[in-house]
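Working notes, structure below.
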There are 2 protein chains.
Amino acid sequence: MTGYEVKQRADRTLRFYWVAPAMSQVYSELARLADAGLVTASLVGPGGRRDRRYRISPDGLARLREWQTTSEPEFPILKHPVALRLLMGSISSPDAARAMLTDYRRTLAERRAELSAVRESLADRPEFAYPALVADWGLAYYASEDAIVAELSERLPAADGSGASDS
Amino acid sequence: MTGYEVKQRADRTLRFYWVAPAMSQVYSELARLADAGLVTASLVGPGGRRDRRYRISPDGLARLREWQTTSEPEFPILKHPVALRLLMGSISSPDAARAMLTDYRRTLAERRAELSAVRESLADRPEFAYPALVADWGLAYYASEDAIVAELSERLPAADGSGASDS
DNA sequence: TGTAGCATGTAAGCCGTTACATGATTGA
DNA sequence: TCAATCATGTAACGGCTTACATGCTACA
């Protein structure tokens, strides 16, 4: 794949479980991997274009496999701007918190639809069995997130004045 | 609070929804906030120790409130090393994937117990109503995570040779 | 002929980490 | 008296971002 294609692939699937890397990072990382011999590059394109097409090397595949099965996975890192704001809900009004949660459910629904589309494109394709499992994982996460946020919204105090104290 | 106390607080609650910052970051960030006038520092301690105790300033509180209610929260960022490895499950054996998921459920249970303890310490304390809501959010997440991982484990192909192809 | 998409990079900077470095207080 | 905990910082570096910069190809 070219760097550009790697970026497209990452935007399609990787971003749900990791980060969608910037183009600049894709290119610099690919260059580092090539230096380390973990991928090989070839210049391609009819008419001698300077597109670089990368392929994983046997060494790279071995290292990837080793990383995958031997190294201990870290615990997932979550950075949740909505939960972070809710944590300090007491400095503002319950209504502000409620509105924020409602908005969040909306964007959650959009994300869910995007991942659903990915999941459908993976159906009945044995070569994508693992990506399909992971997509289902993501969909389950979004479903549970929507359910708990709905519940939390209801548990928020009814509208009255404004913020109480915190410590 | 002192920087040290801020760090302890972050380790106790913030780490479930964000990151547990390194001590060094707590101190440098506190210094930046003090420079910006968003917190005020006072030297304290019997006998003239040089402990710095910080307090949020009126300006800081106003800015925090503004950030909380006015700024649009980003969508949560998840970095999930287990999902990332599972995504490429086809380069190794289903058994390796199964073992990884089993391990993950174990550490998930530990985390869940830790957050449960925090949640219990927050019970029946109206001043911690919002932190309690957020703790319940986290507990719901861990519960759903455990359920879906158990299900995915079962959907993994039964043991046979080793890895198939991927693309 | 112009614009959207394909394609590749460099530079500066932010957020967060680990490693390094220091010192006071409490209590076994 | 020694170890754990409280307490504060600096330096180097990693991963990732935004801004900046360039040029080709397909097609409306």
Side-chain angles (χ1 to χ4, degrees), chain A residues 1-36 38-55 64 67 71-81 83-85, chain B residues 1-36 38-55 63-64 67 71-81 83-84:
Chain A
M1 294 163 92
T2 65
Y4 196 88
E5 287 165 348
V6 168
K7 165 66 172 160
Q8 287 182 320
R9 177 74 70 96
D11 284 346
R12 206 175 126 72
T13 51
L14 187 67
R15 79 177 151 117
F16 294 103
Y17 324 106
W18 202 259
V19 144
M23 281 279 15
S24 59
Q25 198 191 358
V26 172
Y27 287 117
S28 54
E29 214 54 44
L30 242 16
R32 283 186 55 207
L33 289 168
D35 279 354
L38 302 177
V39 298
T40 54
S42 55
L43 282 294
V44 286
R49 289 240 314 301
R50 86 256 115 102
D51 301 18
R52 254 166 233 287
R53 182 152 257 111
Y54 291 92
R55 177 177 298 278
L64 187 61
W67 163 81
S71 71
E72 186 71 15
E74 317 262 278
F75 196 81
I77 289 176
L78 183 61
K79 291 193 191 180
H80 206 310
L84 188 62
R85 282 168 175 79
Chain B
M1 296 162 91
T2 64
Y4 196 88
E5 287 164 348
V6 168
K7 164 68 173 159
Q8 287 182 320
R9 177 74 69 96
D11 284 346
R12 206 175 125 74
T13 52
L14 187 66
R15 79 179 151 117
F16 294 103
Y17 323 106
W18 203 260
V19 143
M23 281 279 16
S24 59
Q25 198 191 356
V26 172
Y27 287 117
S28 53
E29 215 55 44
L30 242 16
R32 281 186 56 207
L33 288 168
D35 280 354
L38 302 177
V39 300
T40 55
S42 55
L43 282 292
V44 286
R49 289 238 315 300
R50 85 255 115 105
D51 299 19
R52 254 167 235 286
R53 183 152 256 110
Y54 292 92
R55 178 177 298 279
R63 287 280 288 274
L64 187 61
W67 163 81
S71 71
E72 186 70 15
E74 317 261 279
F75 196 82
I77 289 175
L78 181 64
K79 290 193 192 182
H80 206 309
L84 189 60

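To find a chain, count down the sequence lines: A is the first, B the second, and so on, and within it residues start at 1.
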- K7(B) near the nucleic acid: base, sugar-phosphate alone, or nothing, with a heavy-atom cut-off under 4.0 Å? nothing
- Can you check the Y54(B) OH to dA7(D) C1' distance for me, whole Å? 11 Å
- Query: Within this structure, what is the CG-to-P distance between L33(B) and dT8(D), rounded to whole angstrom?
  - Reply: 15 Å
- Heavy-atom contacts, protein to nucleotides 17-22 of chain C, under 4.0 Å, summarised as B (base), S (sugar-phosphate only) or - (none) per nt, yield BB----
- Task: Could you check whether R32(A) gets within reach of a base, just the sugar-phosphate, or nothing at all, counting any heavy atom under 4.0 Å?
- Result: sugar-phosphate
- Contacts of type side-chain hydrogen bond (donor to acceptor under 3.5 Å, both in side chains), residue S42(A), not counting sequence neighbours: none
- Query: In whole angstrom, what separates Y27(A)'s OH from dC16(D)'s P?
  - Reply: 18 Å
- Message: For residues 18-30 of chain A, which residue pairs pass the salt bridge (charged side-chain N to carboxylate O under 4.0 Å, His left out) check, not counting sequence neighbours?
- Response: E29(A)-R32(A)
- Tell me whether the OP1 or OP2 atom of dC6(D) has a side-chain N or O from Q8(B) closer than 4.0 Å. yes
- Across all chains, not counting sequence neighbours, the salt bridge (Lys or Arg N to Asp or Glu O under 4.0 Å) partners of R53(B) are E5(B)
- With sequence neighbours excluded, tell me which residues meet side-chain hydrogen bond (donor to acceptor under 3.5 Å, both in side chains) with R52(A). none
- Message: Whole angstroms only, please: what is the CZ-C1' distance between R15(A) and dC16(D)?
- Response: 17 Å
- Task: State, with a plain yes or no, whether a side-chain heavy atom of W67(B) is found less than 4.5 Å away from one of R85(A).
- Result: yes
- Item | Protein-nucleotide distance (L43(A), atom CG; dG23(D), atom P), rounded to Å | 18 Å
- Provide, to the nearest angstrom, the distance between the CG atom belonging to L30(A) and the P atom belonging to dG15(D). 15 Å
- Query: Quick one: side chain to side chain donor-acceptor pair (under 3.5 Å) pairs with a partner in residues 14-28 of chain A, sequence neighbours left out?
  - Reply: R15(A)-E114(A)
- Note on the structure: Winner on side-chain proximity to E5(B), out of dT8(D), dG5(C), dA7(D), is dA7(D)
- Message: Counting C-beta onward and ignoring hydrogens, is there a side-chain heavy-atom pair between L14(B) and L84(A) closer than 4.5 Å?
- Response: yes
- Given dC16(D), dC6(C), dA7(C), which nucleotide is nearest the side-chain atoms of W18(A)? dC16(D)
- Item | Minimum-distance nucleotide to D51(B) side chain [options: dA7(D), dC6(C), dG16(C)] | dA7(D)
- Task: Take the protein atom CZ of R9(A) and the nucleotide atom P of dA7(C), then report the distance between them rounded to whole Å.
- Result: 14 Å
- Whole-Å distance separating the OH atom of Y4(B) from the P atom of dA24(C): 17 Å
- Note on the structure: Regarding the side chain of R52(B), the nearest nucleotide among dT8(D), dC16(D), dA7(C) is dT8(D)
